[in-house]
Amino acid sequence: FSYSSPEKNLKFSAELNAYQADVNQEAQKLGSSTNNASFYSAESKKYYDWAQLEVSSYMKNNSKMISMAMANQATAQ
């Protein structure tokens, strides 16, 4: 039965601390990426809904002109 030397313990402790630092850094990157994805997802939904409202408003406000253009296009074919 052999005991570890103090040097081996120090080396192992240093390696363990370095590994823990790497893991913590990766966890921070992942958390940051998740936050960014959530932010951009919410922003994209906001602009999508806004664009959809604009198209609906345009169609509602210009329905006669759109109908005439569609009729003209159908007769041109």
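In what follows, every heavy atom counts, from backbone to side chain, and hydrogens, waters and symmetry copies are set aside. Numbers here simply count residues along the sequence, with the first being 1.
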Task: Pairs satisfying side-chain hydrogen bond (donor to acceptor under 3.5 Å, both in side chains), at least one member in residues 52-76, at least two apart - done: none
- [ ] Using side chain to side chain contact (heavy atoms under 4.5 Å, CB included) as the criterion, point out the one residue from T34, N36, N35 that pairs with S32.
- [x] N36
Task: Separation between OG of S33 and CD of E26, rounded to the nearest 0.5 Å - done: 9.5 Å
Task: Closest heavy-atom pair and its distance - S41, S44 - done: O-OG, 2.9 Å
Open item on the list: As a test of understanding, state which of K8, E15, E7 forms a side chain to side chain contact (heavy atoms under 4.5 Å, CB included) with K11.
Closed with: E15
TODO: Could you grab the distance from atom CG of L53 to atom OH of Y48, nearest 0.5 Å is fine?
DONE: 12.0 Å
Task: M70 reachable from M59 in the ILVMFWY side-chain graph, under 4.5 Å edges - done: yes
Task: Single-linkage hydrophobic cluster, 4.5 Å side-chain cutoff, I66 and V55 together - done: yes
- [ ] List in chain and number order the residues that pass side-chain hydrogen bond (donor to acceptor under 3.5 Å, both in side chains) with K45, two or more places apart in sequence or in another chain; answer none if no residue qualifies.
- [x] D49
